[in-house]
Amino acid sequence: MLTVDTLRTLLDDDLLPSRMPDVGLLVDYLRTGSRHGDPICLSFGETWSQVAPGLVGHLTAEPPHTHGYQLSLYGLPVLRRQVRDGIQREHRLPVDSVAGRDFEVAVTWTGTRSAMFDFGRLLRDQDEGDRRTPVVVAAGPSWDYQGVYEALGYRVRYHQLRPERGFAPSEDDLDALLAEIDARPDERLALLIVNAQHNPTAVNWAPEFVASSIRKAAGRGAGILVDDAYYAVHDEGTVPTSALAVLLEQLADLPPAARRRWLMVRSLGKQFHCNGWGIGAMVADPETLDLLVNRYRLHNCLMYGGGYQQAMARWLADPASGEFLARQRVTYQQRRALIGEFLTGRLGYPAGAVHLGECSSYLMLAVPREYAPIPDGVERFRRDCFAATGVLLAPAWPWPYPASIDTPLPYLRMFIGPKTELIQAALARLEAAGFHYDMPVHRAEARSVLTG
């Protein structure tokens, strides 16, 4: 739980610690007396206090060597082997896919964002003779791919995930976007992003869509990024689509050059509530991975984080880690049902305005009816909500917002990672303050200089 004391520890400085809109709102909340008590943040994909207890326990027995620079850019060897074995098993890889030949695995200790960035650099270097603008295609709303790739000179385009389709991806929409890029002589498809346990819509994409989109992109010479941040975060009974397995099944039919132009990243922090450790996996063709870890990574970091890597290795070898994930799957399914029942039964939401999903740690809900047509209705509602209740929700498009969105989306995402009791308290605050689907728009109030 994010208490006022924790908030002060994280934010109490003589400058604004971040330009993230949520940070400005939280700083204001502190400076105006925290009148609703501890804030309830259902916006960040972060709990700050719910790291898997057994995982933390493994930090207490660190060998002395973990405090120095490590010697492998592939990560601590014992952890790398465990992650590789786990990926082969959990992602249900084709039986004829061989580690060391068809793929290889490394551990990242700087988060998966830096791995995505380095992959973008590698592709730009490989394509340096092509003067057309390289285009990244992702499904929208999405995680902040623009923040990663536009800094490298890419243009990011989106095929839209629409609420009337239950936020499932559409072959027709993807085809239309690819045709539009093909028709522009000054652009080329450079990278397709596959996020099969989709953030933030919580839709588990169909394997057929994943396979088709990979074939279309690879046939155009594009690289493939599989973003599996939430692969292990899903409801009980949901079988997550293994985009990595689908990709490996396609390799034999891809053009030779395309067989090496792919990367999969997977976060371990999302599933064990330890985002601050930055530990995850990188999977790629062995030659590509060698370039990424021994050339591109070395441009910006050395080998560190041995203590965290050692603890993660011990945790993954502990049966308790699997038991933790099994309990979490049940809990997330229960929370989705609880929230859905409250929104429709107590806050007047029509069923079509709530999308619970089945994977990731998010769900989607529409802004109240009267906020939807307002140009800044999403931001207006979440600020009104926070001011009146201390409950902070997030826009469907997370910070930093895209420069332009083809289709406005009057939806919010809700993080369901906090404890069930805290989510219940947040919903109770909304109800007590009169927030419901048919509520009127709140009167505009003076905005702080911190929040705009």
Side-chain angles (χ1 to χ4, degrees), residues 112-113 115-124 126-127 130-162 165 167-201 203 205-230 241 243-244 246-247 250 254-255 257-265 284 396-398 400-407 409:
T112 55
R113 188 183 184 98
M116 295 180 192
F117 187 82
D118 285 343
F119 185 54
R121 292 171 58 216
L122 182 151
L123 293 178
R124 287 304 310 264
Q126 290 181 346
D127 298 337
D130 195 324
R131 300 304 178 190
R132 294 174 295 172
T133 299
V135 178
V136 175
V137 165
S142 79
W143 182 78
D144 176 39
Y145 299 112
Q146 282 188 238
V148 175
Y149 289 111
E150 286 193 346
L152 291 169
Y154 290 88
R155 181 185 182 193
V156 181
R157 302 283 305 276
Y158 298 97
H159 57 102
Q160 300 296 333
L161 306 175
R162 306 175 193 277
R165 292 197 306 258
F167 293 105
S170 161
E171 291 268 8
D172 290 342
D173 282 1
L174 177 59
D175 288 345
L177 177 56
L178 295 180
E180 184 179 328
I181 296 168
D182 292 343
R184 293 183 61 93
D186 58 337
E187 290 187 348
R188 61 182 175 86
L189 178 65
L191 179 64
L192 174 77
I193 297 174
V194 178
N195 179 210
Q197 288 71 51
H198 189 258
N199 170 16
T201 65
V203 173
W205 289 1
E208 295 79 11
F209 175 82
V210 173
S212 174
S213 61
I214 288 173
R215 287 194 298 270
K216 291 168 184 174
R220 290 168 165 83
I224 309 294
L225 172 67
V226 174
D227 181 5
D228 271 356
Y230 291 94
T241 293
L244 177 61
V246 172
L247 172 64
Q250 303 293 317
L254 295 182
R259 296 173 195 167
R260 292 188 294 275
R261 290 167 64 86
W262 61 272
L263 171 70
M264 185 273 264
V265 293
W397 288 91
Y401 304 116
S404 62
I405 300 172
D406 295 337
T407 306
L409 186 62

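FYI, side chains are in, hydrogens and waters are out, and symmetry mates aren't considered; it's all heavy atoms of this structure.
- For the pair Leu177/Val137, a side-chain contact is recorded, criterion being any heavy-atom separation below 4.5 Å from C-beta on.
- Between Ala211 and Gln250, the closest heavy-atom pair is CB-NE2, 3.6 Å.
- Closest heavy-atom contact between Gly120 and Tyr149: CA-CE2, 3.7 Å.
- With contacts defined as side-chain heavy-atom distances shorter than 4.5 Å, the pair Trp262/Leu225 does not qualify.
- Between the side chain of Thr112 and the backbone N or O of Val265 there is no donor-acceptor pair closer than 3.5 Å.
- The shortest distance between side-chain heavy atoms of Val136 and Ile193 falls below 4.5 Å.
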Problem - Full working for salt bridge (charged side-chain N to carboxylate O under 4.0 Å, His left out) between Asp173 and Arg165 - result: CA-CA 12 Å; Asp173 282 1; Arg165 292 197 306 258; 3.2 Å; yes
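- Across Tyr145 and Ala138, no two heavy atoms sit closer than the pair CD1-CB, 4.0 Å.
- Under a 3.5 Å cut-off, the side chain of Arg261 and the backbone N or O of Leu123 do not form any donor-acceptor pair.
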Practice task
Decide side-chain contact (heavy atoms from CB on, under 4.5 Å) for Asn199 and Ser142; before the verdict, give the C-alpha distance in whole Å, the side-chain angles of both, and the deciding distance to 0.1 Å.
Solution key: CA-CA 6 Å; Asn199 170 16; Ser142 79; over 6 Å; no
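- Phe119 has its side chain out of reach of Arg124: every pair of non-hydrogen atoms, C-beta onward, lies at least 4.5 Å apart.
- Residues Pro169 and Leu161 come closest through the heavy atom pair CA-CD2, 3.5 Å.
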Practice task
May I have the step-by-step check of side-chain hydrogen bond (donor to acceptor under 3.5 Å, both in side chains) for Asn195 and Tyr230, ending in yes or no?
Solution key: CA-CA 9 Å; Asn195 179 210; Tyr230 291 94; over 6 Å; no
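- Trp397 is not listed as a side-chain neighbour of Trp143, based on a closest heavy-atom distance of 4.5 Å or more.
- Distance check: Gln126 CD to Arg260 CZ gives 8.5 Å after rounding to the nearest 0.5 Å.
- Applying the side-chain contact (heavy atoms from CB on, under 4.5 Å) test to Ala396 and every residue at least two apart in sequence or in another chain returns Pro141, Met364, Leu409, Tyr411.
- Using modelled atom types, one side-chain atom of Ser170 and one backbone atom of Asp172 make a donor-acceptor pair closer than 3.5 Å.
- In terms of the side-chain contact (heavy atoms from CB on, under 4.5 Å) criterion, residue partners of Ala190 (sequence neighbours excluded) are, by chain and number, Pro134, Tyr154, Arg188.
- With salt bridges taken as basic N to acidic carboxylate O contacts below 4.0 Å, none links Arg131 and Asp186.
- Here the closest non-hydrogen pair linking Ala218 and Ile224 is N-CD1, 4.3 Å.
- Counted by atom type alone, Ser212 and Glu171 present one or more donor-acceptor pairs between their side chains at under 3.5 Å.
- The shortest side-chain heavy-atom distance between His159 and Asp175 does not fall under the 4.5 Å cut-off.
- In this structure, the side-chain contact (heavy atoms from CB on, under 4.5 Å) partners of Arg220, at least two apart in sequence or on a different chain, are Leu178, Asp182, Leu189, Lys216.
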Problem - Verdict with reasoning, Arg157 to Glu180, per side-chain contact (heavy atoms from CB on, under 4.5 Å) - result: CA-CA 11 Å; Arg157 302 283 305 276; Glu180 184 179 328; 2.6 Å; yes
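- Between Val194 and Asp227, the closest side-chain pair of non-hydrogen atoms is not below 4.5 Å.
- Taking a cutoff of 4.0 Å between a charged side-chain nitrogen and a carboxylate oxygen, Asp127 and Arg132 do not qualify as a salt bridge.
- Expressed to the nearest 0.5 Å, how far CZ of Arg162 lies from OG1 of Thr201 amounts to 13.5 Å.
- Considering only heavy atoms from C-beta on, His198 comes within 4.5 Å of Trp205 through its side chain.
- Pairing each heavy atom of Thr241 with each of Ala196, the nearest pair is O-CB, 4.1 Å.
- Using a cutoff of 4.0 Å between basic side-chain nitrogens and carboxylate oxygens, Arg155 and Glu150 are not scored as salt-bridged.
- One finds the CG atom of Leu244 at 4.5 Å from the CE atom of Met264 (value rounded to the nearest 0.5 Å).
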